[in-house]
Amino acid sequence: WLKEGEDSYDIGTDVFDIGAYADDMTLMSRSGEGMQRMMAKVNSFMDHNNVLINEDKSTYHWLNDEEVILETRGRRLKSEGDVGLFTYLGWATNLRLDWTDQVDSLMSKYIHSLHFVMQEKNLTLNQRVKLINTMIHPIITYRTRLMHVDDNVWLENLDKITVKMLNRRGGLDKNIHMAYWHEFRGLNSIKIEADAGLVSFSVDRLLNDEKTCDAVKTVAEERVTRAV
């Protein structure tokens, strides 16, 4: 009902106009006027189905364009420009891709979960390591596949915090290096996992793009021909 492509935001061959999951929805348009047209359709749909939009949780963000007025039920939506933060499906960022709030949130969740595992009295050190690898690390790696932060010092700090807590819980010397945990206890490095996950996801997206695959295939065929 939004008519795909009419006012969408296009990146290469990808078309973006709406992201929706349950009651969470984001509209995307190439222009302010296009956003107004899309918002009008959304308002019409909501009115017809007797659904209310929560204006207090709805914001309007724009980049490289003039601000326009967006309303629902006669109330103007809050304008945040390109630096104002918004949250969608648990992701906190802005149109400048500032992940500061998201990083702070992830660190807080990681450390809280780490404390929970460390406080459980009936676990061995090896069991704690397995829980960290399989349940706590994904808190970070699930999201770092899609977000790129230039400074990954925060990941190195989480590795150090994890090792420090394990040393303390195991009654070991606090200066025991993380290499001991990685080499002999099987603890994964959250920084290495996050970096590898981002590269893997990027390569996967690249190789599943039809135009890229065709280009790689053409180059490969040319090299085979030359070799022959």
(request) Please name the pair of heavy atoms, one in Ile53 and one in Ser58, separated by the smallest distance, quoted to 0.1 Å. (result) CG2-OG, 3.5 Å

(message) Hydrophobic clusters here meaning ILVMFWY residues chained together by side-chain heavy-atom distances under 4.5 Å, can you tell me if Leu52 and Leu27 are in one?
(response) no

(request) Find out if a path of hydrophobic residues (ILVMFWY) with successive side-chain heavy-atom gaps under 4.5 Å connects Met39 to Leu95. (result) no

(message) Looking at Leu63, is its backbone amide N or carbonyl O close enough to the side chain of Arg96 to form a donor-acceptor pair, meaning the two atoms are under 3.5 Å apart?
(response) no

(message) With rounding to the nearest 0.5 angstrom, report the CZ to CE distance, Arg30 to Met35.
(response) 11.5 Å

(request) Please list, chain by chain and in numerical order, all residues satisfying side chain to side chain contact (heavy atoms under 4.5 Å, CB included) with Asn152, sequence neighbours excluded. (result) Val149, Trp154, Leu155, Lys191, Asp195

(request) Using only heavy-atom distances, determine whether the side chains of Asp98 and Thr100 contain a donor-acceptor pair under 3.5 Å. (result) yes

(request) Would you please say whether a donor-acceptor pair under 3.5 Å links the side chains of Asp159 and Ser189? (result) yes

(request) Check the hydrophobic clustering (I, L, V, M, F, W, Y; side-chain heavy atoms under 4.5 Å; chains of links allowed) and say if Val51 and Met38 are grouped together. (result) yes

(message) Any side-chain to backbone donor/acceptor pair from Ser113 onto Lys109? Under 3.5 Å, distance only.
(response) yes

(request) Output the distance between atom CD (Glu67) and atom CD (Glu80), rounded to the nearest 0.5 Å. (result) 10.5 Å

(request) Would you give the length of the straight line joining atom NE2 of His137 to atom CG of Leu187, rounded to the nearest 0.5 angstrom? (result) 5.5 Å

(request) For the residue pair Thr141 and Ile190, establish whether any side-chain heavy-atom pair is separated by less than 4.5 Å. (result) yes

(message) Tell me whether Arg75 is salt-bridged to Asp56, with the criterion being a basic N under 4.0 Å from an acidic carboxylate O.
(response) yes

(message) Could you see if Trp99 belongs to whatever hydrophobic cluster contains Leu85? Use Ile, Leu, Val, Met, Phe, Trp, Tyr and a side-chain cutoff under 4.5 Å.
(response) no

(message) I need the Met46 CE to Asn43 CG distance, nearest 0.5 Å.
(response) 8.0 Å

(request) Starting at CD1 of Ile136, measure out to CZ of Phe116 and round the result to the nearest 0.5 Å. (result) 9.5 Å

(message) Restricting to ring-ring contact (aromatic ring centres under 6.0 Å, His included), what partner residues turn up for Phe86, sequence neighbours left out?
(response) His61

(request) State whether the side chain of Glu55 and the backbone N or O of Arg76 hold a donor-acceptor pair below 3.5 Å, judged by distance alone. (result) no

(message) Can you give me the closest heavy-atom contact between Leu158 and Thr162, atom names plus distance?
(response) O-OG1, 2.7 Å

(message) Using side-chain heavy atoms (C-beta onward) and a distance below 4.5 Å, is Gln102 in contact with Thr93?
(response) no

(message) Run Val42 and Met25 through side chain to side chain contact (heavy atoms under 4.5 Å, CB included) and show every step you take.
(response) CA-CA 10 Å; Val42 170; Met25 184 169 67; 3.8 Å; yes

(message) How close do Asp101 and Ala92 get, counting heavy atoms only, and between which atoms?
(response) CB-CB, 4.3 Å

(message) Could you check whether any side-chain heavy atom of Asn157 comes within less than 4.5 Å of a side-chain heavy atom of Val153, counting everything from C-beta outward?
(response) yes

Which side-chain N or O atoms in residues 165-175 pair as donor and acceptor under 3.5 Å with protein atoms at least two apart or in another chain?
unit_1 : atom_1 : unit_2 : atom_2 : d
Asn167 : OD1    : Trp181 : NE1    : 2.8
Asn167 : ND2    : Val163 : O      : 3.4
Asn167 : ND2    : Ile176 : O      : 3.2
Arg169 : NE     : Met118 : O      : 3.4
Arg169 : NH1    : Met118 : O      : 3.3
Asp173 : OD1    : Asn175 : N      : 2.7

(request) Give a yes or no answer on whether the side chain of Asp17 reaches the backbone of Ser8 with a donor-acceptor pair at less than 3.5 Å. (result) no

(request) Might you point out which heavy atoms bring Glu71 and Ile69 nearest each other, and give the distance in Å? (result) CG-CG2, 3.9 Å

(request) Look up atom CG in Leu131 and atom CG in Leu114, then write down how far apart they are to the nearest 0.5 Å. (result) 10.5 Å

(request) Indicate, with yes or no, if Tyr60 and Ile18 share a hydrophobic cluster defined by side-chain heavy-atom contacts under 4.5 Å among Ile, Leu, Val, Met, Phe, Trp and Tyr. (result) yes

